[in-house]
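Just the heavy atoms: all of them, side chains too, but no hydrogens, waters or symmetry mates, feed the values below. On a predicted model such as this, the values are computed, not experimentally measured, just so you know.
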Protein chains: 2
Amino acid sequence: MNESDRKILRRAGKRITPQRVLILKVIRESGGHLDADEIYRLAKQKAPRLSLSTVYRTINVLKEAGVIEELHLGEEHHHYELRGEKGHHHLICQDCGKVVEFECPFSEQLMRDLGEKYGFEIAAIHLDLVGHCAECRREERK
Amino acid sequence: MNESDRKILRRAGKRITPQRVLILKVIRESGGHLDADEIYRLAKQKAPRLSLSTVYRTINVLKEAGVIEELHLGEEHHHYELRGEKGHHHLICQDCGKVVEFECPFSEQLMRDLGEKYGFEIAAIHLDLVGHCAECRREERK
DNA sequence: GCGCAATTGCGAATTATTCGCAATTGCGGA
DNA sequence: TCCGCAATTGCGAATAATTCGCAATTGCGC
């Protein structure tokens with residue numbers, strides 16, 4: 001966990017615990033899209049007494065603090081990724097679950113325009129395209 | 001249920017049952033964003049023996065047939081709306097849960113461009129902006 | 001270092017959704 | 001029109017994802 005993460009948590013009145021440091025590290029090093037159980041399993045390797053509740057509680061803390069973001073990738077549970085990185089949007093294959101990230105040149109514009117139009121202060125934008133990837137379509141045609 | 005709904009279901013090899021007709025009617029007449037339990041409660045008024053399982057099963061049938069679409073509005077359960085209508089995107093207030101629909105002038109373009117770029121056949125686009133509506137911000141400042 | 005509120009681990013509870021099965025029913029064909 | 005049977009339903013139990021209650025532990029301001 002870097003200095004800015006610490007500041008963010010402290011500003012939110014949260015303590016820096018080894019569990020939180022570890023969980024954030026796992027999310028950061030995975031490079032994206034883990035779900036709660038994957039985070040739990042990976043983190044448990046380093047801290048065997050870690051509990052799943054703590055993972056969920058930490059996810060909520062990090063979510064509220066704005067450090068990570070919750071994704072809905074079409075499965076019945078959530079996935080999480082670090083916030084504020086480039087290429088935040090997702091192209092999701094409905095057949096194999098593959099996720100491709102992309103950048104949207106319109107995002108910023110949309111946030112401003114729509115925020116203004118409807119009086120909203122926009123905090124985040126979620127843009128997901130679901131469909132069928134090239135491989136799965138090829139598979140399909142066989 | 002109109003003629004085209006029937007055709008869609010029959011093409012998918014599904015029977016037209018009173019339960020399915022009713023559930024689709026409830027979704028259609030609500031004008032948008034019901035969750036499974038709301039659909040259940042509304043439909044049960046007309047058909048008291050209706051079961052929640054049937055609601056979920058019908059939702060899945062309608063979803064697979066492409067008649068309705070699943071929304072993730074930030075709560076722990078899903079909401080559903082008719083597909084293929086204009087103004088499909090959502091501005092969601094994180095504080096009060098209000099949902100405002102809007103049209104995105106870039107959607108079509110994005111589907112074509114990104115589909116081509118990554119070899120995906122895009123089936124749907126989900127664009128959600130989450131933030132704080134005017135009323136809730138006013139409330140906040142008090 | 002001390003004290004205490006925040007946090008943790010545990011297992012039980014809750015919520016959303018699916019499943020198994022026997023009874024019922026839509027609908028294609030005689 | 002009515003028959004037969006596979007699809008569908010209702011029910012209650014099962015599963016999956018997430019949260020909660022509580023006693024024990026632990027960061028961190030003083």
Side-chain angles (χ1 to χ4, degrees), chain A residues 1 3 5-24 26-27 33-41 43-65 67-68 70-80 97, chain B residues 1 3 5-24 26-27 33-41 43-65 67-68 70-80 97:
Chain A
M1 180 163 343
E3 201 45 43
D5 289 335
R6 285 172 194 276
K7 274 187 193 143
I8 291 169
L9 287 183
R10 304 266 60 227
R11 200 176 311 131
K14 305 294 177 186
R15 291 185 182 167
I16 312 296
T17 67
Q19 291 90 336
R20 286 175 181 167
V21 173
L22 173 59
I23 288 167
L24 186 48
V26 163
I27 295 173
H33 308 156
L34 298 184
D35 61 35
D37 201 63
E38 287 165 340
I39 295 169
Y40 176 57
R41 294 206 314 271
K44 208 173 166 66
Q45 292 174 9
K46 300 284 171 123
R49 302 210 47 232
L50 182 69
S51 89
L52 185 54
S53 313
T54 297
V55 171
Y56 276 108
R57 283 186 289 227
T58 300
I59 284 172
N60 282 327
V61 165
L62 296 175
K63 214 165 54 173
E64 277 159 35
V67 179
I68 62 173
E70 188 171 82
L71 306 178
H72 308 269
L73 300 180
E75 296 179 75
E76 282 317 310
H77 55 267
H78 300 139
H79 289 244
Y80 301 89
Chain B
M1 181 166 340
E3 201 46 42
D5 290 335
R6 285 173 194 275
K7 274 187 194 144
I8 292 169
L9 286 184
R10 305 264 63 227
R11 200 175 311 131
K14 304 296 177 185
R15 290 185 181 168
I16 312 296
T17 68
Q19 292 91 335
R20 287 175 182 169
V21 173
L22 173 60
I23 288 168
L24 186 47
V26 164
I27 296 173
H33 307 156
L34 297 184
D35 61 35
D37 201 62
E38 288 165 340
I39 294 170
Y40 175 58
R41 294 206 313 272
K44 207 174 167 67
Q45 292 173 9
K46 300 283 171 127
R49 302 209 47 231
L50 182 69
S51 89
L52 184 55
S53 312
T54 298
V55 171
Y56 275 108
R57 282 185 290 227
T58 300
I59 284 171
N60 281 327
V61 165
L62 295 174
K63 215 165 53 173
E64 277 160 34
V67 178
I68 63 174
E70 188 170 82
L71 307 178
H72 308 269
L73 300 179
E75 295 180 74
E76 282 318 309
H77 55 267
H78 299 138
H79 288 246
Y80 302 89

Expressed as a whole number of angstroms, how long is the span from [X]:[atom1] to [N]:[atom2]?
| X | N | atom1 | atom2 | answer |
| --- | --- | --- | --- | --- |
| D37(A) | dA17(D) | CG | C1' | 10 Å |
| R15(B) | dG4(D) | CZ | C1' | 11 Å |
| E38(A) | dA17(D) | CD | C1' | 14 Å |
| L71(A) | dA17(D) | CG | P | 16 Å |

Of K44(A) and R10(B), the one whose closest DNA chain C nucleotide lies more 5':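 Residue closer to the 5' terminus by nearest nucleotide: K44(A).
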
Please figure out whether P48(A) or A36(B) has its closest DNA chain C nucleotide nearer the 5' end. P48(A)

Reported [atom1]-to-[atom2] distance for the pair [X] and [Y], which is rounded to 0.5 angstrom:
| X | Y | atom1 | atom2 | answer |
| --- | --- | --- | --- | --- |
| L24(A) | I68(A) | CG | CD1 | 8.0 Å |
| D37(B) | H77(B) | CG | NE2 | 8.0 Å |
| K63(A) | H78(A) | NZ | NE2 | 7.0 Å |

For [X] and [Y], work out which heavy atoms get closest and say how close.
| X | Y | result |
| --- | --- | --- |
| L9(A) | A65(A) | CD2-CB, 4.4 Å |
| L50(B) | Y40(B) | O-CE1, 3.4 Å |
| E38(B) | H33(B) | OE1-O, 3.9 Å |
| L22(B) | A47(B) | CD2-CB, 3.6 Å |

Pairs under 3.5 angstrom only: tabulate donor-acceptor contacts from the side chains of residues 52-59 of chain B to other protein residues two or more places apart or in another chain.
{"from": "T54(B)", "atom 1": "OG1", "to": "S51(B)", "atom 2": "OG", "distance (Å)": "3.3"}
{"from": "T58(B)", "atom 1": "OG1", "to": "T54(B)", "atom 2": "O", "distance (Å)": "2.8"}

Side-chain contact, heavy-atom cut-off 4.5 Å: R15(A) with R10(A)?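 Side-chain contact under 4.5 Å: yes.
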
Which nucleotide, in any strand shown, forms a Watson-Crick or G-U wobble pair with dT9(D), with both distances under 3.5 Å? dA22(C)

For DNA chain C, determine which residues of residues 51-64 of chain A have any heavy atom closer than 4.0 angstrom to one of its atoms, and list them numerically. S51(A), S53(A), T54(A), R57(A)

Give a yes/no answer on whether the side chain of H78(A) brings an N or O atom under 4.0 Å of OP1 or OP2 in dT18(D). yes

Touch class at under 4.0 angstrom, heavy-atom based, for R49(B) against every strand present: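 If one applies the 4.0 Å heavy-atom cut-off, R49(B) turns out to touch the sugar-phosphate alone, with no base involved.
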
For P18(A), which contact category applies under a 4.0 Å heavy-atom criterion: base, sugar-phosphate, or nothing? sugar-phosphate

Shoot me the first and last contacting nucleotide of DNA chain C against chain B, ordered 5' to 3', at under 4.0 angstrom to non-hydrogen atoms.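 Using the under 4.0 Å cut-off, the span is dA16(C) to dG28(C).
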
